[in-house]
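When a residue number appears, it is its place in the shown sequence, counting from 1.
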Amino acid sequence: MAEPLGDTADTCGAAVTLILTLSADANRPMFARATASDVKEERTATARLITFIILAGLLLTLGAVWAHVGFMGDRSIAVFEENGDQAGPGRFSVGTGYSDIAAPMHLGGYVVQGVGAALMLRVVFDTARVAWASRASTKTGPAETPAAQPGGASL
């Protein structure tokens with residue numbers, strides 16, 4: 001008899017824990033925005049952030065696929081067999097039809113993955129920097145942060 005893949009009680013417990021954790025943040029009250037321009041600016045920044053996250057994820061995935069396909073396309077297998085007195089092929093080989101471009105594809109996949117990882121790291125550190133600055137501005141006041149000063153940095 002085959003063993004079950006997982007315990008149902010553990011799976012249900014994990015699902016309940018996930019739902020309770022997510023619902024705690026979902027029921028948090030949101031403060032009303034004063035003007036439509038503030039809301040539009042925030043939505044634009046959020047859309048830009050999500051676009052960069054999706055682009056970085058796509059680049060990471062594409063790079064992984066290219067690296068894997070290039071790695072597998074560069075390989076070939078040959079089997080040599082002693083047939084003795086029997087008629088038939090004593091040699092069998094398997095390879096790919098794209099072995100000429102497999103090596104550049106393999107290395108190019110690593111480059112594309114690196115670009116995706118660099119973009120993702122840039123998004124993470126810029127987001128953390130802005131969150132840190134906004135947290136500091138709520139403690140010290142809005143006039144002391146670089147983003148609040150004229151010509152200050154912004155995302």
Side-chain angles (χ1 to χ4, degrees), residues 1-77 93-155:
M1 182 177 262
E3 291 287 325
L5 291 176
D7 191 17
T8 307
D10 288 342
T11 305
C12 290
V16 168
T17 303
L18 178 67
I19 290 170
L20 290 176
T21 303
L22 293 177
S23 67
D25 281 342
N27 294 328
R28 186 176 38 154
M30 293 289 295
F31 298 108
R33 302 287 186 253
T35 61
S37 64
D38 291 341
V39 174
K40 183 179 179 187
E41 183 179 325
E42 185 175 319
R43 286 183 181 172
T44 304
T46 302
R48 186 178 301 130
L49 181 69
I50 290 173
T51 302
F52 283 142
I53 290 171
I54 290 172
L55 179 64
L58 287 173
L59 286 173
L60 284 167
T61 305
L62 178 67
V65 169
W66 275 6
H68 176 72
V69 169
F71 175 76
M72 297 307 291
D74 202 21
R75 307 294 179 248
S76 62
I77 300 171
S93 64
V94 176
T96 61
Y98 60 95
S99 61
D100 292 339
I101 63 167
M105 187 180 232
H106 185 193
L107 297 175
Y110 287 140
V111 170
V112 172
Q113 262 186 317
V115 169
L119 180 61
M120 187 65 81
L121 284 171
R122 174 69 190 253
V123 167
V124 166
F125 283 108
D126 282 352
T127 305
R129 180 182 50 84
V130 169
W132 206 309
S134 68
R135 185 176 298 157
S137 70
T138 57
K139 290 180 182 177
T140 61
E144 296 181 17
T145 62
Q149 295 174 355
S154 65
L155 239 179

What donor-acceptor contacts under 3.5 angstrom involve side-chain atoms of residues 53-72, with partners at least two apart or in another chain?
from	atom 1	to	atom 2	distance (Å)
T61	OG1	G57	O	2.9

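V130 is not listed as a side-chain neighbour of D126, based on a closest heavy-atom distance of 4.5 Å or more.
Under the side-chain contact (heavy atoms from CB on, under 4.5 Å) criterion, T44 pairs with K40, R48, not counting sequence neighbours. By the side chain to side chain donor-acceptor pair (under 3.5 Å) test, Y98 pairs with no residue at all, sequence neighbours left out.
In terms of heavy atoms, T17 sits closest to G13 at OG1-O, 2.8 Å. Between A102 and G73, the shortest heavy-atom contact is CB-C, 3.5 Å.
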